[in-house]
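Accompanying notes for the structure given below.
The basis for the numbers below is simple: all heavy atoms, side chains too, and nothing from hydrogens, waters or symmetry mates. Order of the sequence lines fixes the chain letters, A, B, ..., with proteins taken first and strands second; residue numbering starts at 1 for each chain.
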Amino acid sequence: MLLNIFNSVPIQHYIFLSAVLFSIGVLGVLFRRNAIIMFMSIELMLNAVNLLLVAFSTYHNDASGQVFVFFVMAVAAAEVAVGLAILVTIFRNVHSVDIDELKSLRH
Amino acid sequence: MTITLACFYFLSAVAILLGLMTVLTKNPVHSVLYLIGCFFSIAGHYLLLNAQFLAVVHIIVYAGAIMVLFLSTLMLMNLNEETEQHKPAIAKISAVIAAGLLGLVLVAVLHRAEAMAIPGTQDVSIGSIKNLGRILLDEYLFPFEFVSILLLSAMIGAVLLTKREPVNTTVS
Amino acid sequence: MTYLLLIILTPFIGFLINALFGKKLPKTVSGIIGSGAIFVSFLLSSIYFLGFLKGTQAPIDVDVYKWIALPDFTITFGLLLDQLSVTWLMVVTGIGFLIHVYSMSYMHDDEKFNVFFAYLNLFIFFMLLLVLGNNYLVTFIGWEGVGLCSYLLIGFWFKNQSYNDAAKKAFVMNRIGDLGFLLGMFLLLYNFKSLHFGTLQTAIAAAPVQHGLMIAITLLLFVGAMGKSAQLPLYTWLPDAMAGPTPVSALIHAATMVTAGIYMIARSNFLYALAPETLQFVAIIGVATALFAATIGLMQNDIKKVLAYSTVSQLGLMFMALGLGAYNSAVFHVVTHAFFKACLFLGSGSVIHALHGEQDIRNMGGLRKYMPITFWTFLISSLAISGIFPFSGFFSKDEILAAAFEHNKVLWVIASIASLMTAFYMFRLVFLTFTGEFRGTAEQKHHLHESPALITFPLVVLALLAAVGGVMGMPEVFGVDHYLKNFLSPIFAGSTHIGEHGAHHLDHATEWALMGGAFLGAVLSIGYAYMKYVSGKALPAKEGEEKGLGKVVYNKYYVDEIYNLLVVKPIMLFSQVFHDLIDRTLVDGLVNRSGKVSLMVGAQVRKLQSGYIGFYLLAMVVSIIAMFSYVFLMR
């Protein structure tokens, strides 16, 4: 139904967009002290990758890319569940999710 | 400037802007909401790319499940704007520089790649449910089943991790 | 060849047995093993000696095994048995055996009895190696080894610090001489690519050698001899070496080790033949030492010290003979000196033993009544050393003096004066020790008795040899063959153009005159001593009462003190500087500093493990950037 997108949007644009979103995700990971926000930034990074995967899948006419995205989403969901469970446990003990507070593993 | 290109630019701008807002805003709850918006724009991208199934699944799983989970955890910890601490300035600057460099490098690396010719005929139904379903259960059956086990273990893990130890009350 | 090796190895085996098992063996057995080993060597040496005498034995030059094999040169561990080495073999093993027997009684009460015999055997082993080596390196091994044994034996009673110092002094002074020896060997090796005596002899005879090089080599080798044989200026260790037990003094410092220098020069006669300047130097040093030591001996009051200075003096005479080219005479005097000096030392040991350690002659006297055998043997040997006809010392000393007269009248005068002094101080010793009234304590007088048979037997044998030993070297005027000279002629064949025609060129009248003059001089000296100490009953001054020149001579011309000031103290200062400045500050500082650096670096690197998750994440991102840029962009 829809026109082939790549007649109008060159692949480089998608690459660029994905890179920028990824960098923003990295910025979020490094910039914030709240562990939950960091988690969300990681989700953003994953999404950037997903986007690129889908773009290439359409570009090459190969469904494997989309299947891969499917699995990435499943894994991301699992990861978020477990990760947040861990964070909650930490919060119960330390009463804070500030990552600068969690520095017992030092020399 | 075709309509698709314009759509693309619009959606990209929204995604980038919302992504930045996610990272930079002080209120964690706002952060979550911005991220949901970002996800919606990415779903829009998926639609542009003929991946209908993925777009819908994306919204259901991410915006519907994961973000809700984040939100509920946030509320559980009762976090809001005042409790947020800030990193020292040097850390922030180095973070910005690092992220920027990373973006630069990625762009440079991928830019060098030679553009490949667009294949002739495009099969637009590549992202349809029927097609994806067939491929999933045909070529990728094994990983598909494994993902179910993964989700099961994640569930068990999450429950176990957050289980409170029973407190032994000694009745003298 | 096996017998030759056996000669050397039996003392070594004796050493091993006594060193490893001696503590468990009873003392007699230990002593018998030690003496027996030397006796075996003596028997084998005698067989060879008789063979040489009869003419049935030819010199043996055999390589036992190849030791250093380099492209430039090869040095083997080899043995050489010829007339010269067999002469020394007889002296070393014969007198060595007698002294071992003597020690069985003398060291009887010592707890380290077996150690003593082990060291003695080891010493004989090294001395035999020295004498039997067929190249300079094997000789040098023996050279160093006897120096080591000398150190071990001088410091035998190591609980006394001054004995240890004496041992150290002996070793260090020997070492200074050894440096000269080594340098001489290096020059030889470098220029002739061999240290083997035979090879060197043919090489030097074949091609003309640079004169300066010859002088350098011979001079350096003589420096080694100066150290080992206690010549000026490296003689001060010998009197101090009297700290060792008397058998040690008799064996090492009278008969064997100190003659190693003379052996070495006699062996190297083909080198010295090409360097007459060095020979001149050797003669001068020899005669100067002879006179110098004789003057010191005039005033000494320790019975062993007198004998020590006498040894130095006699060695000086031997070197003078070598320097004049009279090699035969020097060897002759070595042999006769071994006889009477060993006898004298052993006799003094007998006296010391009887007096339970007393060594000062001012506290002796009148021992003739109590120790007749000791007295008579001591007297005979003293007559021999003073050069009284017909004892052996007369002939050997006369030969040397004749050679001196023939070549250099000045040397003859000085040597004669030294001989007169020798006669005087020897008989001063005899009279003060054995005649008159006993001046010791009543306690000592009560215990005075003649020494047991094991002590007196060697004394008698040596005295006999000292008495009749002259027959091996009668001068021409008596019409008898000079046996020793004929025996040793093959050794010195090449070098006789320097000297040795002295005995032929002096006409008989002069010879008789010289002999008569020397004899008369000796008799007069003895008479003067008699007058002073027997008739006049003079006594040497008590400690601290010497005056004027006598005081200077009594204190050995303060040579030891001068050495201490000029040499020892600067070296100590030097070593102190090195210790404080270089060792402490530099070396220790360097090591400590590097340790500190290590710690500092570690402390800095440790900061990476901060525990901050944010920092870890930043590090991860930076490394990813670096990796990506390297892998994808920089290729």
Side-chain angles (χ1 to χ4, degrees), chain A residues 1-6 8-9 11-13 15-17 19-28 30-34 36-37 39-41 43-44 47 51 54-55 57-61 63 66-67 69-71 73-78 80-82 84-89 91 97-98 100, chain B residues 2 4-5 8 12 15-16 19-20 22-23 28 31 35 38-39 42 45-46 48-51 54 57 61 65-66 69-70 73-74 76-77 84-85 87 92 95-96 98-100 102-103 106-107 110 115 118-119 122-124 126-127 131-132 135-136 140 143 147 150-151 154 157-158 161-162:
Chain A
M1 287 164 320
L2 289 163
L3 291 168
N4 187 4
I5 185 80
F6 291 108
S8 18
V9 183
I11 188 77
Q12 269 79 8
H13 284 59
I15 293 175
F16 191 70
L17 173 64
V20 169
L21 277 176
F22 191 83
S23 321
I24 294 175
V26 168
L27 180 67
L30 297 175
F31 201 76
R32 302 297 294 257
R33 280 171 79 164
N34 193 332
I36 300 184
I37 310 292
F39 242 114
M40 285 176 5
S41 314
E43 293 304 314
L44 187 57
N47 271 290
L51 180 61
V54 170
S57 156
T58 314
Y59 194 70
H60 288 293
N61 221 9
Q66 297 189 10
V67 171
V69 171
F70 189 77
F71 286 121
M73 275 194 225
V75 170
V80 165
V82 175
L84 282 179
I86 293 176
L87 268 178
V88 163
T89 321
F91 180 76
V97 282
D98 187 348
D100 282 349
Chain B
T2 59
T4 40
L5 194 60
F8 173 79
S12 312
I16 289 175
L20 270 172
T22 316
V23 167
S31 214
L35 194 57
C38 186
F39 286 162
I42 290 181
H45 274 293
Y46 286 168
L48 267 182
L49 286 166
N50 265 334
L54 268 175
V57 166
V61 168
I66 294 178
L69 184 58
F70 266 112
T73 316
L74 267 179
L76 188 71
M77 298 186 197
E84 184 75 20
Q85 296 289 322
K87 278 190 181 275
K92 285 190 185 173
V96 170
L102 184 64
L106 282 174
V107 167
L110 292 166
I118 305 175
Q122 296 277 324
D123 185 4
V124 297
I126 219 168
N131 195 24
L132 267 181
I135 290 178
L136 259 180
Y140 298 100
V147 165
L150 174 73
L151 288 171
L161 275 171
T162 50

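The parts of A:V82 that come within reach of chain B are both its backbone and its side chain, each placing non-hydrogen atoms under 4.5 angstrom from that chain. Both the backbone and the side chain of B:Y140 come within contact range of chain A, each with at least one heavy atom under 4.5 Å from a heavy atom of that chain. Both the backbone and the side chain of A:F70 come within contact range of chain B, judged by heavy atoms closer than 4.5 Å. Proximity to chain A is absent for every atom of B:A65, based on heavy atoms less than 4.5 angstrom apart. Heavy atoms of A:F31 lying under 4.5 Å from chain B belong to its backbone as well as its side chain.
The two residues A:S23 and B:L102 come nearest to each other via the heavy atoms OG-C, 4.5 Å. Scanning all heavy atoms of the two residues, the minimum distance from B:I66 to A:A77 falls at CD1-CA, 3.8 Å. When every heavy atom of B:L132 is checked against every heavy atom of A:A63, the shortest pair comes out as CD2-O, 4.3 Å. Closest of all the heavy-atom pairs between A:S41 and B:V23 is OG-CG2, 4.5 Å.
Contact count against chain B (heavy-atom pairs under 4.5 Å) is highest for A:V9 among A:I15, A:V26, A:V9. Highest contact tally toward chain A, considering only B:T22, B:L54, B:V107, is held by B:L54 [criterion: heavy-atom pairs under 4.5 Å]. Annotation: maximal heavy-atom pairing with chain A below 4.5 Å, among B:I135, B:L69, B:V57, occurs at B:L69. Considering only heavy-atom pairs separated by less than 4.5 Å from chain B, the leading option among A:I86, A:V75, A:L87, A:L84 is A:L84. When each of B:G157, B:C38, B:G100, B:P143 is scored by its heavy-atom pairs under 4.5 Å with chain A, the top score falls to B:P143.
Across A:V20, A:L51, A:L17, A:L21, a single residue satisfies side chain to side chain contact (heavy atoms under 4.5 Å, CB included) together with B:S12, and that is A:L17.
Listed for the A:T89 side chain is no donor-acceptor partner under 3.5 Å among the backbone atoms of B:T162.
B:M77 has its side chain within reach of A:I36: a pair of non-hydrogen atoms, C-beta onward, lies under 4.5 Å apart. Two residues are said to be in side-chain contact when any heavy atoms from C-beta on lie closer than 4.5 Å; A:F71 and B:L136 meet this criterion.
The CG atom of B:L76 sits 7.5 Å away from the CZ atom of A:F91 when rounded to the nearest 0.5 Å. In this structure, CD1 on B:I16 lies 7.0 Å from CZ on A:F16, to the nearest 0.5 angstrom.
Considering only residues two or more places apart in sequence or on other chains, A:A74 meets the side-chain contact (heavy atoms from CB on, under 4.5 Å) condition with B:V147. For the side-chain contact (heavy atoms from CB on, under 4.5 Å) test, residues two or more places apart in sequence or in another chain that qualify with B:F39 are A:E43, A:N47, B:L35, B:H58, B:Y62, B:M67.
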